[in-house]
Amino acid sequence: MPNFRVRVLVVLVVLSGFLTVAGRPPATAATPASPSDSLWFDGAPLTVQGGRFTDGQGREIVLRGYNVSGETKLEENGGLPFASVADARRSATALRALGGANSVRFLLSWAHAEPVRGQVDTGYLAAVTEQMRAFLDAGIRVFPDFHQDLYSRHLFNSGSWYTGDGAPKWVVDAGSYPSESCGICLFWGQNITQNAAVQKAQYDFWHSSHGLQDAFLTTAQAAMTYLQQHLTGTEFADIAGFDPYNEPYAGSYDSGQTSRTWEKDLLWPFYEKFRARMDAAGWQDKPAFVEPNLFWNANISTQKQEGGLLDAGTLGPRYVLNTHFYDQKAISGVLMWGKAADGQYAADFATVRDRAASAGTTAVVSEFGHPLSGTVSDKAPTVLKAMYEGLDSRLPGASWWSNPSASGPVLSGTQWQWDLYSGRHHELMNGNPGKVLTSGDAWNDEDLSAVDLDDSGNVTLRQDARLLDRLYPSATAGTTLAFTYEDRSRDGSTTLTWNPVPSSLPDVAKLVGSGQYGLLVWRSGTGTAPTELHLPATFPTASTTVVSDLGTVYGPPAHTASTPVAVAPEPGGTGSRRLLLTDPDSGVLHYALVTNGATAPSADLLGAARSELAGWAAAHF
C-alpha cells in the first residue's frame with residue numbers, strides 16, 4: 001500500500017504525535033442475535049456477468065468492507081490478522097454491526113505459508129482458515145489476498161527506517177541482493193523505485209529467477225486447495241474470489257520495455273498461470289481479482305504510468321479489475337493544500353469504471369484510505385467522504401439530481417484497514433528488540449485503522465460512524481441506474497452536506513430535512529429475490545422513512561413474502577439490518593428514497609414526496 005506518508009524530522013516541517021480524528025464517537029458492537037436470520041435468497045456464490053457481480057438470483061451485488069488486516073504484515077502474531085479466533089470473531093461482529101460491511105479483503109502471508117522452500121505450513125493454513133471462518137459465519141464475503149509491500153521484510157536490516165512484508169527469508173537468501181538503502185526518502189513508498197534491493201527482488205520475481213514465481217504459485221495453489229477442502233460448502237460459497245498479488249510493480253524495466261509492455265509480457269502471463277492454479281484447486285467458478293501496475297491510476301502525474309491491463313483483451317467473468325486508490329497529493333502534505341471537496345475523486349473513480357467496462361468485467365477498489373494521525377490527518381474526514389462519494393456515483397453531489405442517469409454503476413470497495421490492535425502493538429521492527437513499535441499500525445509509521453480497542457476491550461470506531469456505516473445497495477434485483485447517499489458526516493463540528501435535495505423537490509427536501517438519505521433507482525430483473533440496502537445503525541427501523549413506487553412507509557414492518565417494503569436482519573447474527581424492496585415485475589423502472597430525517601411524517605407529506613419523485617424519475621430515466 002504505497003501511501004507515501006511524510007516522515008517526521010526530514011525536510012518537511014511536520015508535527016509529531018498520534019492524535020485521533022476530531023469528533024471521534026465511541027461505539028461498541030451489538031450483542032449477536034440468533035444466527036438463524038438467513039433468508040432463502042442468501043448465501044448464493046458470486047459470479048461476474050454483464051460487467052457486474054451477480055448472485056444466484058441474478059441480482060447485482062456490491063461488496064463493501066475493509067482490509068483484514070495490516071496485522072498480517074507484522075510478525076507479532078505470526079503473519080495472521082488476529083492473535084486468536086476469539087479476536088477474529090469479535091472483529092467480525094463489530095465490522096458487520098459498526099462498519100456496515102458485507103465483505104473483507106483477507107490478507108495472507110507467503111512468508112508464513114512457506115517458511116521453508118517446498119514445505120507449506122499447514123498449521124498456518126489451519127489458523128488462517130479458522131480466522132477466516134469467523135467472518136464467513138458473520139455473513140461476510142471474503143476474498144483472500146497474498147500480500148506484499150516492498151517485497152519482503154528480510155530485505156531490510158535491523159536498524160533500517162523501513163520494513164517490508166511478503167516473501168520468505170529463503171527467497172531473499174536465494175537472490176543475494178545488495179544492502180538495502182532508500183537514500184533520502186521522505187515516503188516509505190519511494191523504496192519501490194529507489195531501493196536497489198527492493199527493485200532487484202521485484203525484478204527477479206517477475207522473471208521467475210531462481211524458480212521463485214513457480215514456488216509462489218505452488219504455495220498459492222496449496223493454500224487455495226486447503227481452504228476449499230476445509231471450509232464447508234456453505235462457507236466456501238461466500239468466498240468471492242482471490243487477489244493473487246498486492247500492488248505489482250516491475251522493479252525495473254528491461255531495455256526498450258515500458259510499463260504497458262511489462263504488463264502484457266510479464267504481469268498478465270502470471271495472472272493466467274494463477275488462474276490455472278485456481279482452477280486446479282477447485283476455484284474454477286470464482287474470479288481472480290487482478291491488479292494492474294500499481295502506478296496506472298496514480299494521481300500525481302510524475303508517478304503515473306501507462307497500464308490497466310490494456311493488452312489483456314476482454315477479461316470477462318473469470319477476472320475482476322482490482323485496483324487501489326490513495327490521494328497521494330493529500331498525503332504528501334504539500335501537493336494539495338486544504339481539504340477534499342464534493343466531486344474531488346469523481347474523475348479518478350470514473351477511470352476505474354471505464355476501464356472495467358472496456359475490459360468486459362466489474363471492478364473493486366480493494367484499498368483506499370487516509371492517515372488518521374500526523375500532519376495531514378485533518379484531511380481524513382473530507383478525503384474519505386469524497387472517496388465513498390466516488391464509489392457510490394461517478395457524479396459530484398452538486399450535479400447528481402440534475403443528471404442522475406450518468407451516475408454509473410456502484411463500485412465495490414474495501415477500505416484500508418480494520419486493525420483490532422491499532423495503537424496497542426508490540427512489534428519488533430525488522431526483529432530489532434531495541435525498536436519495539438506500539439503506535440498506529442506498527443508498520444512504516446502508518447496509522448489508517450478505522451477501529452481500535454478501548455480500555456475495556458470494546459471495539460471502537462476511530463472515524464465518524466456516519467461516514468463508515470453507510471446506506472448502500474448490497475443487492476439490486478435488476479439493473480442499478482443511479483444511486484446516491486448523503487451521509488452528513490462530520491469534519492470536526494462541521495456537518496458535510498455535499499448533496500442536498502434540490503429546491504425543485506420541496507416536499508422531498510422537507511421530508512429529508514437535516515437527516516441522512518439515500519436514493520436508489522433501478523430497473524427490475526426477471527428474478528423473484530428482493531433488492532437489498534444495508535441499513536446503518538443511524539437508521540432505526542421505527543424512525544426510517546421509505547418513499548418508493550413500491551410503497552411509502554414510516555417504520556417499515558418485518559419482512560414477509562407479501563411485504564414490498566420491509567426490514568430484516570442481515571445474515572450472521574450481528575444485529576445489522578437491511579431494507580428489502582420486492583418488485584413483482586420485470587423491466588420496470590423503480591425508485592426508493594430512504595431517510596432518517598422525518599419524525600412521524602404525515603400521509604399528505606409522504607404522498608406529496610412520492611409524487612415529486614415519480615415525476616423526477618420519469619423525467620430523467
Lys/Arg-Asp/Glu bridge criterion (N-O < 4.0 Å) met for [X], [Y]:
X      : Y      : answer
Arg462 : Asp419 : no
Arg578 : Asp42  : yes
Asp145 : Arg105 : yes
Arg394 : Asp354 : yes
Arg470 : Asp392 : yes

Between [Y] and [X], is there a side-chain heavy-atom distance shorter than 4.5 Å?
X      : Y      : result
Phe143 : Ser366 : yes
His590 : Leu581 : no
Val588 : Asp583 : no
Tyr517 : Leu511 : no
Val451 : Ser422 : no
Thr47  : Lys286 : no
Asn67  : Leu107 : yes
Arg141 : Asn102 : no

Let me confirm one number: the [atom1]-[atom2] distance from [X] to [Y], rounded to the nearest 0.5 Å.
X      : Y      : atom1 : atom2 : answer
Arg260 : Leu267 : CZ    : CG    : 14.0 Å
Asn293 : Leu309 : CG    : CG    : 9.0 Å
Gln49  : Thr54  : CD    : OG1   : 4.0 Å
Gln415 : Ser449 : CD    : OG    : 9.0 Å
Glu532 : Leu579 : CD    : CG    : 9.5 Å
Leu605 : Thr552 : CG    : OG1   : 10.5 Å

Using 30° and 60° as the class limits, which term best fits the ring planes of [X] and [Y]: parallel, tilted or perpendicular?
X      : Y      : answer
Trp418 : Tyr66  : tilted
Phe135 : Phe106 : perpendicular
His620 : Trp616 : tilted

Checking side-chain contact (heavy atoms from CB on, under 4.5 Å) between Glu612 and each of Asp507, Val501, Leu593, which is the one that passes?
Asp507

Using atom types as modelled and distance alone, determine if a side-chain donor or acceptor of [X] lies under 3.5 Å from a backbone N or O of [Y].
X      : Y      : value
Ser407 : Ala482 : no
Asp342 : Ala398 : yes
Ser524 : Gly587 : yes
Lys379 : Gly338 : yes
Arg59  : Pro530 : yes
Glu486 : Asn499 : yes
Gln305 : Ser259 : no
Thr544 : Phe539 : yes
Gln344 : Val383 : no
Ser393 : Glu389 : no

All side chain to side chain donor-acceptor pair (under 3.5 Å) counterparts of Glu263, not counting sequence neighbours:
none

Using the rule given for side chain to side chain contact (heavy atoms under 4.5 Å, CB included), can you reason through Leu448 versus Tyr326, listing the C-alpha separation, both sets of side-chain angles and the distance that settles it, and then say yes or no?
CA-CA 12 Å; Leu448 284 89; Tyr326 294 93; 4.2 Å; yes

Might you work through the side chain to side chain contact (heavy atoms under 4.5 Å, CB included) test for Leu589 and Val521, ending with a clear yes or no?
CA-CA 7 Å; Leu589 182 72; Val521 183; 3.7 Å; yes

Take a 6.0 Å sphere around NZ of Lys339 and say whether it holds more than 12 heavy atoms from other residues, nucleotides or ligands.
yes

Tyr472 six-ring face occupied by Arg64 cation (under 6.0 Å, within 45°)
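Here Arg64 passes the 6.0 Å and 45° test against Tyr472.
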
Where [X] and [Y] come nearest, the two heavy atoms and their spacing:
X      : Y      : value
Thr361 : Gly316 : OG1-O, 3.5 Å
Ala330 : Val376 : O-CG1, 3.6 Å
Arg355 : Leu310 : NH2-CA, 3.4 Å
Ala529 : Phe41  : CB-CB, 3.7 Å
Arg96  : Ile140 : CD-CG1, 3.9 Å
Val508 : Ala609 : CG2-O, 3.7 Å

Where do Trp416 and Glu446 land on the side chain to side chain contact (heavy atoms under 4.5 Å, CB included) test, with the steps shown first?
CA-CA 11 Å; Trp416 185 274; Glu446 290 206 326; 4.2 Å; yes

Would you say [Y] and [X] are linked by a side-chain donor-acceptor pair, where the criterion is simply a distance under 3.5 Å?
X      : Y      : value
Gln516 : Thr538 : yes
Asp327 : Asn299 : yes
Ser576 : Thr574 : yes

Quick check, are the ring centers of Tyr345 and Phe325 under 6.0 angstrom apart?
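Between Tyr345 and Phe325, the centre distance is under 6.0 Å.
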
Quick check on ring-ring contact (aromatic ring centres under 6.0 Å, His included): which of Tyr485, Phe368, Phe483 does Tyr388 satisfy it with?
Phe368

Apply the ring-ring contact (aromatic ring centres under 6.0 Å, His included) test between Tyr319 and each candidate in Phe242, Trp268, Phe289; give the one that qualifies.
Trp268

CA sep, side-chain torsions, deciding dist, call: Lys385, Asp487, side chain to side chain contact (heavy atoms under 4.5 Å, CB included)
CA-CA 8 Å; Lys385 180 179 174 74; Asp487 57 43; 2.7 Å; yes

